[in-house]
Number of protein chains: 2
Amino acid sequence: MTTQTLTPGEAAEATGLSLDTLRYYEREGLIGPIDRTTSGRRTYSDGDVAWIETVTCMRAAGLGIDHLREFTRLLREEATVEERVRFLHERRVELLAQIEAIRNAVVVLDDKIAHFSQPG
Amino acid sequence: MTTQTLTPGEAAEATGLSLDTLRYYEREGLIGPIDRTTSGRRTYSDGDVAWIETVTCMRAAGLGIDHLREFTRLLREEATVEERVRFLHERRVELLAQIEAIRNAVVVLDDKIAHFSQPG
DNA sequence: TCTTGACCTGGAGCGCGCTCCAGGTCGGAA
DNA sequence: TTCCGACCTGGAGCGCGCTCCAGGTCAAGA
């Protein structure tokens, strides 16, 4: 079969996260639980890696561990469509607000740049 | 004269920061130094408050204390136009990149929302 | 068989950005 | 004059998100 699993090192390589971070995310319920070999070593499936990339994308946008734990729980476990959609909408609103906050800052930077760049 | 100064409590009220945070920012070189009364109490000028609001705007956009210290130093102290503009441009690039990261996350959220919202 | 190194666990440590606290001073209302 | 509350300082504490470490197991190549 074409479904290959990755060793922890390969998963770290593939996702750009450290082994410690992968284990931390699993402990915190953001990913997994990850399957193990009989000797206890983790084996990351393609689905695991895809989910880790989703989590990483959300982390990069500023979502906290608590929110990501709930994100994972809601999308994995039994949850109503309403619960899921409401949560996703809330995060969406927060992210758009954060974009606005950054835009404000960019405007301020632009003002300063213009101020220092002009000959006056 | 119309130039009024604010007490620490008033400055906190005006900026939305705590007294502890105002003192912390001053210790870290992000604001001030703030003038004092003879008895040692801080008196915040309108200019101080305006600068605190600028700092707060940058913090809200995610700039770290280290960057804000340099921001303050470059704009306050003797620094060449090139230094100032280069620094401001660097921060601007970072902020735009952060907006893109958040946009990516919003797209992912939208996909999930669409996935859970559709009847399939 | 021996060694190497990737991996395991539980738990401590760390940098950031505040936040809180103890113990003291001072200005103004009662 | 006395009190109260706003303020002062130096320093400890805290929550977050990792990151590191010690001590151990296991698979595989020389």
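By convention in this document, chain letters (A, B, ...) are assigned in the order of the sequence lines, proteins followed by strands, and residues within each chain are numbered from 1.
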Legend entry - Flag side-chain contact, heavy atom, 4.5 Å: B/Glu26 against B/Arg42: yes
Legend entry - Among C/dC18, D/dC16, C/dT9, the one nearest A/Arg23 by side-chain distance: C/dT9
Legend entry - Check: B/Met58 and A/Leu109 side chains under 4.5 Å, non-hydrogen atoms: yes
Inset, instruction - Quickly work out the A/Ile34 CD1 to C/dT9 C1' distance and round it to whole Å. - result: 17 Å
Inset, instruction - Measure from CG on B/Leu19 to P on C/dC18 and round the result to the nearest Å. - result: 15 Å
Inset, instruction - Return the nearest nucleotide to the side chain of B/Thr7; candidates are C/dT9, D/dC7, C/dT19. - result: D/dC7
Legend entry - Nucleotide of C/dG5, C/dC18, D/dT19 approaching B/Tyr25 most closely (side-chain heavy atoms): C/dC18
Inset, instruction - Please examine the side chains of A/Asp35 and A/Asp48, heavy atoms only from C-beta on, and report whether any two atoms are closer than 4.5 Å. - result: no
Inset, instruction - Name every residue in residues 53-65 of chain B that has at least one heavy atom under 4.0 Å from any atom of DNA chain C, in order of residue number, or write none if there are no such residues. - result: B/Arg59, B/Gly64, B/Ile65
Inset, instruction - To the nearest 0.5 angstrom, please state how far the CD1 atom of A/Ile31 sits from the CZ atom of A/Arg76. - result: 9.0 Å
Legend entry - Toward the 5' end of DNA chain C, by each residue's nearest nucleotide, B/Arg41 or A/Arg41: A/Arg41
Inset, instruction - Report yes if at least one side-chain N or O of A/Arg36 is closer than 4.0 Å to OP1 or OP2 of C/dT9; otherwise report no. - result: yes
Inset, instruction - Would you please classify the geometry between the B/Trp51 ring and the B/Phe71 ring as parallel, tilted or perpendicular, with 30° and 60° separating the classes? - result: parallel
Inset, instruction - Under 4.0 Å between any heavy atoms, over every strand shown, what does A/Arg42 touch: base, sugar-phosphate, or nothing? Just pick one. - result: sugar-phosphate
Legend entry - Atom-pair distance (CZ on A/Arg27; C1' on C/dC8), nearest Å: 12 Å
Inset, instruction - Take atom CG of B/Asp66 and atom C1' of C/dG17, then tell me their distance rounded to the nearest Å. - result: 11 Å
Inset, instruction - State which residue, out of B/Ile52, B/Thr5, B/Thr15, fulfils the side chain to side chain contact (heavy atoms under 4.5 Å, CB included) condition with B/Tyr44. - result: B/Ile52
Inset, instruction - Would you please confirm or rule out a distance under 4.0 Å between OP1 or OP2 of C/dG27 and any side-chain N or O of B/Ser39? - result: yes
Legend entry - Interatomic distance where CG belongs to A/Leu6 and P belongs to C/dC7 [whole Å]: 11 Å
Legend entry - Rounded distance in Å - CD1 (A/Ile52) to P (D/dC18): 13 Å
Legend entry - hbond_proxy A/Asp20 side chain to D/dC20 base (donor-acceptor, 3.5 Å cutoff): yes
Inset, instruction - For B/Glu13, look at atom CD and say whether over 12 heavy atoms of other residues, nucleotides or ligands are found less than 6.0 Å away. - result: no
Inset, instruction - Check every strand shown and say whether B/Thr37 touches a base, only sugar-phosphate, or nothing at a heavy-atom separation below 4.0 Å. - result: nothing
Inset, instruction - Report yes if a side-chain nitrogen or oxygen of B/Thr21 is closer than 4.0 Å to either non-bridging phosphate oxygen (OP1 or OP2) of C/dG17; otherwise report no. - result: no
Inset, instruction - Determine yes or no for a side-chain-to-main-chain donor-acceptor pair under 3.5 angstrom, with B/Glu70 supplying the side chain and B/His67 the backbone. - result: no
Inset, instruction - Looking only at side-chain atoms of A/Tyr24, point me to the closest of C/dC21, D/dT19, D/dC7. - result: D/dT19
Legend entry - d(CD, B/Glu28; C1', D/dG11) in whole Å: 14 Å
Inset, instruction - Please state how far atom CG in A/Leu22 lies from atom P in D/dG17, giving the value in whole angstrom units. - result: 16 Å
